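Encoded as structure tokens, the structure appears first; notes follow it.
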2 protein chains.
Amino acid sequence: MLSVAVDVVIFTLRNNDLQVYLVRRYEEGYESLWSLPGGIIRADEPLEDAAMRQLREQTTVEDIYLQQLYTFGAPDRDTRRRVISVAYFALVSPDQLARECQDDQNSNRAWFNAYNLPPLAFDHAEMLDVALTRLRYKIEYSAAAFELMPEEFTLRELQDAYMIILNDHTLDKANFRKKIREAKIVESVSRYKRTGGRPAKLYRFRKDAQLESKARRFFP
Amino acid sequence: MLSVAVDVVIFTLRNNDLQVYLVRRYEEGYESLWSLPGGIIRADEPLEDAAMRQLREQTTVEDIYLQQLYTFGAPDRDTRRRVISVAYFALVSPDQLARECQDDQNSNRAWFNAYNLPPLAFDHAEMLDVALTRLRYKIEYSAAAFELMPEEFTLRELQDAYMIILNDHTLDKANFRKKIREAKIVESVSRYKRTGGRPAKLYRFRKDAQLESKARRFFP
DNA sequence: TCAAAAGTGTTCAGCTTACACCCATGA
DNA sequence: TCATGGGTGTAAGCTGAACACTTTTGA
């Protein structure tokens, strides 16, 4: 019979690296492959709740930025039986996973560099592709990037986050800062972070900030 | 038991009007309400095929711009049993529905003004909302609007299409034309259309045109 | 006092916006 | 010849890219 599942692409930023959380599921046919955390939805469970449950059960993080991504329904995407999967994508800040979710590298769950993934089960490679495209897109016209930042951060760290996600390390410092300033999206906490040189001002995301900006249009 | 359906939001532009195709389904509990064309997917049918089948069966149009929109899965969205619905949205040009799909106003299928809809069954009003937002979004950074235009059109007609869809009738003629010219997205056929005044040049969409443009970004 | 990183100002090219103007047609 | 709608040019102001510069710290 047909069933409906959710799969969750969980991104985080750690060690100057865009990372994705993967689990190893021991099931017939897909034995040694990594896959996205996910599972069959319950009879009376809303889709988003099911995705949130996967997050809680598999990573112990809670209250996370979570959004529906796309629904994958090819009849043969799971060779055993038909499973329609609604993919979600989630953004987790390093703060949020501080205690749990350490790098159990030899266990059945681990964080992987999003640009250097192992072979994945089912159509999960495609899901990741869609998720990465969407993530890049979102940080350009919304404040989604802040979901991946710690509570307090320097502007350099924020710029690094953008460059890592966009995979483009050529952003101009001065122009980046000007944009951030004009968007009125962060506010300074009056503290500093030590670096190799002059200490950097710490900022935090403004709770009352305008979250989305209408992108300049193709046509007028 | 749980089942999976597709529902299709079909847009067209006719009579200076953005229109949506609706059908009346006689089923218990939802008797006199209009709803989006849709239905349960077949056991081995890909989602997009199911959506395309709805298009063919209910409207007799074929080979249409069709895209997945969003998946709706609230447990009570259909009070009779659980149905997860994958919504698609489709764009049809007036050319494509010339013969069939006339305005059978008193029948069980008809075109409605997208800005003035009757009460809809299930969560179809929400689907339409999402679809309209997406449509507006898409025509701003892609050439999706051309899917709603006839084979040949004047620049004024194209501008009207944009203004109707965006619900913003203040676009500047000169600037709109400049943008279209610079995007190299249309080419002139050497014919004219009669109007109230000076005849208007007819254009058609360039098959080799760049279909998407990277929108100017929020952050650099 | 020097390297390293934070942080700022200025210029120039290109784009957007607004608006004025000319052109071709039919009545 | 005038109303109607098609079609174009241009000045003013804003935005983004590039780059040079100053500031503050630790070694």
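Values reported hereafter were calculated over all heavy atoms of this structure, with side chains retained and with hydrogens, waters and symmetry mates removed. We name chains A, B, ... by the order of the sequence lines, and we start the count at 1 in each one. The model shown is predicted, which means the values in this text are computed figures rather than measured ones.
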Query raised in the report: When every nucleotide of nucleotides 19-27 of chain D is labelled 5' to 3' by its protein contacts under 4.0 Å (heavy atoms), B for base, S for sugar-phosphate only, - for none, what sequence of letters results?
Result: B---BBBS-
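- The aromatic rings of B:Tyr141 and A:Tyr137 sit tilted, their planes meeting at an angle between 30° and 60°.
- The aromatic rings of A:Phe89 and A:Tyr65 stand perpendicular to each other, their planes meeting at an angle above 60°, with 30° marking the opposite boundary.
- Residues B:Asp168 and B:Thr170 have side chains that bring a donor and an acceptor to within less than 3.5 angstrom of each other.
- When the P atom of C:dT8 is taken as reference, atom CZ of A:Phe176 falls 14 Å away, rounded to whole Å.
- Comparing A:Thr170 and B:Tyr192 against DNA chain D, the residue whose closest nucleotide sits nearer the 5' end is B:Tyr192.
- Protein atom CZ of B:Arg181 is 11 Å distant from nucleotide atom P of D:dG7, rounded to whole Å.
- Note: CD (B:Glu182) to C1' (C:dC15) measures 9 Å, nearest angstrom.
- Between the CZ atom of B:Arg156 and the C1' atom of C:dA24 there is a distance of 16 Å, given to the nearest Å.
- The nucleotide whose nearest atom lies closest to any side-chain atom of B:Arg177 is, among D:dT8, C:dA6, C:dT8, D:dT8.
- Counting to the nearest Å, the P atom of D:dG6 and the CD atom of B:Gln159 are 9 Å from each other.
- Salt bridge annotation for B:Glu152-B:Arg191: present, with a cationic side-chain nitrogen under 4.0 angstrom from a carboxylate oxygen.
- If you measure from atom CG of A:Leu155 to atom C1' of C:dT8, you get 12 Å, rounded to the nearest angstrom.
- For B:Phe176 and B:Tyr162, the ring centers sit closer than 6.0 Å to each other.
- Here the OG1-CG distance, from A:Thr154 to A:Asp160, works out to 7.5 Å after rounding to the nearest 0.5 Å.
- Mapping A:Tyr203 and A:Lys178 onto DNA chain C by nearest heavy atom places A:Tyr203 closer to the 5' end of the strand.
- In this pair, B:Tyr70 and B:Phe72 present their aromatic rings perpendicular. The plane angle is above 60°, beyond the 30 to 60° band.
- Going from atom NZ of A:Lys179 over to atom P of C:dT8 covers 18 Å, rounded to whole Å.
- Distance B:Lys201 NZ to C:dC23 P: 15 Å, rounded to the nearest Å.
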